[in-house]
Amino acid sequence: MKKNGILTTVQSGKILVSDGAWGTFFQKKGLKPGECPELWCLEKSAEVLDVARSYIEAGADMIESNSFGGTRFKLEHYGLGDRVAEINESAARISRQAAGPNKWVIASIGPTGKMLVAGEVTEDELYAAFKEQATALAKGGADALCIETMSGADEAAIAIRAARENTGCEVICTFTFQLGAKGYRTMMGLSPAKAAEAAVEAGAHIIGPNCGNGIEQMIDIVKEMKAAAPPTPILVHANAGLPRNVNGVDVFPENPGQMAARVKAVVDAGASIVGGCCGTTPAHIQAIRLAVDELGG
Ligand SMILES: [Zn+2]
């Protein structure tokens, strides 16, 4: 499979499968509330490798890495500000080990949690933090960087630029939308069209939506992003629906069959890569794999 980059492969018309949830998988493996998931890259690397391998075995063409909260701003919260490079390099290396030479590693980069508009951080500080993380992920063997769960155009653009200017990795950028009175918007009020335009302008190779409220809503979001940036391939990482908290545990309503049943509609809407976000499991990815194979993808 992996003779080329992801971009070239999807541009040739191939539909690819991405992986599923990491955070909710770690919770099942015993991650405690308040514990730093990314520290598991160093202290419980066998568990992290097991998550990565599960998705490869389920048929994913690409896997993420345990580095969603791997910026300095997030790791400092746990007193791990001096271990940013070590943690991220290890995260990418573990996924590389699971992916082998024939599958892609799309290493995860999440939001910093700092608001530019509120003056909590400067653009230079954000850029430096994303550069530090992206560089370490590339060093650990990432093929692509997956900047995800973004809500602000400014933070996304800075992360994309930091990734493009400091690594040779392909750059993916996904945003999280909720349906409100004005349609789909990110937490910062960005529409799918505006998000798509901002990400492409900053240099993203691949864009899309992630997280959110189930795969059904992804269909319209993909259409809106595609219409705003027709040549740019789209990746979808859909939640298994909106979680309900049952006795302190998040329960996700969409089973693998329900998600797989919407794969064709998501692809018809314009997506080239389909995977899962919160609440999805290797069983979901296996079902999505079968659905994509049935498309002849
Ligand atoms: Zn999610």
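Atoms within a ligand are numbered from 1 in the order they appear, just like the ligands themselves. Treat the numbers as computed from the prediction; the structure is a model and nothing was measured. Heads up: numbering here begins at 1 and tracks the sequence.
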Student: Show all protein N/O/S atoms under 2.8 Å from the Zn ion (ligand 1), or state that there are none.
Tutor: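 Atoms qualifying: Cys211 SG, Asn239 OD1, Cys277 SG, Cys278 SG.
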Student: Is it true that Phe26 and Trp40 have ring centroids separated by less than 6.0 Å?
Tutor: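 Yes: the rings meet the under 6.0 Å criterion.
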Student: Which atom pairs, donor and acceptor, lie under 3.5 Å between side-chain atoms of residues 150-157 and protein residues at least two apart or in another chain?
Tutor:
| from | atom 1 | to | atom 2 | distance (Å) |
| --- | --- | --- | --- | --- |
| Glu155 | OE2 | Thr112 | N | 2.8 |
| Glu155 | OE2 | Thr112 | OG1 | 2.8 |

Student: Please, which pairs that meet side chain to side chain donor-acceptor pair (under 3.5 Å) have at least one residue in residues 270-288, sequence neighbours excluded?
Tutor: Thr281-His284
Student: For the hydrophobic clusters of this structure (ILVMFWY residues joined by side-chain heavy atoms under 4.5 Å, transitively), does one cluster hold both Val84 and Ile109?
Tutor: no
Student: Is the shortest side-chain N to carboxylate O distance from Lys29 to Asp50 below 4.0 Å?
Tutor: yes
Student: Does Ala128 have any side chain to side chain contact (heavy atoms under 4.5 Å, CB included) partners at least two apart in sequence or in another chain, and if so, which?
Tutor: none
